[in-house]
Amino acid sequence: MRAIRRLTVRPVLPESLAALGELAGNLRWCWDIPTQDVFAHVDPKLWHSTHDPVRLLGRVPASRFDELAADAEFCAKLERAHADLRAYLAADLWYQRELTDAPRTIAYFSPEFGIAATLPQYSGGLGILAGDHLKAASDLGLPLVGVGLLYRHGYFDQTLSREGWQLESYPLVDPDEKPLTVLREADGSPAVVRLAMPGGPDLRARIWVAHVGRVPLLLLDTDIDPNPEHYVDITDRLYGGGAEHRLRQELLLGVGGVRALRAYSRITGAPVPDVYHTNEGHAGFQGLERIRELTLPAEQGGSGLSFDDALEMARASTVFTTHTPVPAGIDRFERSLIQQYFAAEGGVLPGVPTDRVLALGAEDYQGGDPGMHNMAVMGFRLAQRANGVSQLHGHVSRDMFNGLWPDFGESEVPIGSITNGVHLGTWVAREFQELMSEVGADIDGDPEAFARALDGVPFSRVWSVKRDLRERLVLDARARLRASWLARGAAAAELGWIDDALSPDVLTIGFARRVPSYKRLTLMLRDKDRLKRLLTDPDRPIQLVIAGKSHPADDGGKRLIQELVRFADDPEVRGHIVFLPNYEIGMAQTLYPGCDVWLNNPLRPYEACGTSGMKAALNGGLNLSILDGWWDEWFDGQNGWAIPSADGLADPNKRDDLEAAALYDLIEREVAPRFYDVDHNGVPMRWLEMMRHTLESLGPKVLATRMVRDYVTALYAPAAAAARRLNGDAHYAGAVELAEWKRRVREAWDGVRVEHVETHGVDIAPTVGSSLEVVAHVALGGLSPEDIEVQLAYGRTGDDDQLSAVQVVPLALRESFEGSRASFGGSVRLDRAGAFGYTVRVVPRHELLNTTTELGIAALA
Ligand SMILES: *Cc1c(COP(=O)(O)O)cnc(C)c1O
């Protein structure tokens, strides 16, 4: 019999164990080892099979609770964990201690959040990063609120067919079985967010709240009455369906997300956010909703601003992070679809002019497509501050979006970078954390101490911990392999070989990722014979543990998985290379610590940052990677190995051949010999030196707390300050002034010209140390000298007179003539011999701008 409806009855805990419910209701358990131990004590077997406190408590019989209530040791453990959670939630942390005048609250929007295996609301790096961002924000005490969607089916579970083809299934996520509570109005009814939809009834969503330590996460869910079926389906799954489905999800995330924040503040009294961070372009509509709020007439609760004034206000308070250097990965919609949703009778944002919406996402630059609405472009236009996720990616992004600031060179495009990081408590194996705490390292509070911790431990000890972790991975891999083969139709009797698959004493290389083509899952198969020899080398064998999901619509990715699986199925190598289906957080937490080497071979520069190698490094793994993303920045020659990249090469086949050969060479000549070079106790001292150096050089840098601090100081705090300046008097005088000034400058700009430049000091044969003096005469086009900055830009020149390594110094106002022209002067010392060139340019200047490149316009001599 099939049930017509299911509901989950939550357990009633004895009063003395009520704290268990509180511990289960806050996701901090997933990075707090003592709390995990409490749940393990409740029912070790259930705990190890679920790693899910809510399910655990739902299944334990009442009699067990009675036993536990009488178990003094358990009660003491529970009491400690509970007191610790309470203290954690109330403590003054970094944010409270170190920051004054910081943002009141930061809203963090993301289409996915990877927090715990039990909440499969992520597909890969973007979601894991968002999860780590929330956790680190919590550890630092940031007043941050996450905003996302609750996908009824999350992302898919991966299995394999007999032939090694990826199969997808979408298990139901029942919110009642998750650590989620519905946000309710004072009268107990669920709070509902409403969105107008063209040609239909309003879309409604309820709001689930998850507690990620101190950080609330609001998740919108359309599976409620009286939504029609096609609305219910909006939050059915992550990245499924066509463009319109995606657009509806993004409207819900952006517009609905802001409304959810308002409901949350109204109901709980939490402060209204003053900074809005959008993790990728998908949540870009949040800016439009905030503009709508500000332009609403006062009678309707708005501020009655003009669109332009409201735009300045929204921009000042928005931070946008771009995540992909792959052009095909940029989120875009047909303009006609946007029109359909915004312009129609009953459109999503009444009062917001559609032409302005379209203009914000228009690809109206060289190489753009006039038919597309680009969410990344809209992200940049709606945010005064923007960043990429590693230095190299910042560079690539500036280049990629240079068209939005056409009068400036790549280096001046206002996109910075903050390199991603990973959350220590989530990703460092418990044994490693314990080892470090044992030697007194304050692993939570002091990353430097964490990084130096191995100094205090004998190498033999570290090595034995590492072997334990490798062994745990081997056992886990065997279990997964067996389950996978049974699912693929093998008989148990055929699977004896799995008992000996992989070895806890063999150099273990991990390789796990999503499977878009740039990640090159199958690069290692370029020369299959050579790989076989490496895997089965009698003296220095390697073993490879591989995992990764392909997007369900990407048959190319599935073919790569199949190719790899078929190779790994070969009896000659199957005990040495394994593909583990269904890469997810739970598997990852065993995989990273168990690996000696983390392999990453993306097509440079398409890996925006990459974080898996960071997780490996924190567990004493050494990176073997193409110099892309974070590794390009922090590889120091000693903390791992760089696979040389042939990224100048036009022929992709040749490039793959070269890079694969370099990879085999490195493994054969450097990695394996070092690993197997052991002393009389069987300890590879040189390997451990490298491990220690890895932790010391990378430990403090790769932590998510470093990343979140960088976001606070470089972006959140300045954004909050900028927003305050625009609304210092609560009447938006600054926003009105800035919008009016921008309009005036844009109108006048055609008349702004560098008319004439006089130079002195370099007339005849200048030498190093001479001073170049410049006076520029500028036509103001009706602006005043205070509206502009006149700059001397100089650098090296090549044959084409193009300046490179450009530096810029502002020139000072000398004289003003009849208000229509002015002269500006200054000098620069020539401190390097060789070809030198310079020019003079005029850029707009205003104290409320973040950079003088912000408007994207300049007048050149
Ligand atoms: C870390 C992680 C990722 C992302 O890895 P990248 O190297 O950033 O691509 C994806 N999935 C899982 C399960 C992870 O733990």
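As the structure lists them, so they are numbered: ligands from 1, and atoms in each ligand from 1.
The aromatic ring centroids of F39 and H51 lie 6.0 Å or more from each other. Between H423 and W427, the ring center distance fails the sub-6.0 Å criterion. Ring centroid separation for the pair Y122 and Y155 does not come in under the 6.0 Å cut-off. Ring centroids of F109 and H277 are separated by 6.0 Å or more, keeping the two rings apart.
In this structure, R237 forms a cation-pi arrangement with Y170, its terminal cationic atom sitting closer than 6.0 Å to the ring centre and no more than 45° off the ring axis.
Screening R526, R604, R520 for a side chain to side chain donor-acceptor pair (under 3.5 Å) involving E659 leaves a single residue, R520.
Within 4.0 Å of ligand 1, counting heavy atoms only, the contacting residues are G124, G125, I128, W427, K519, Y583, E584, I585, A588, Y592, G610, T611, S612, K615.
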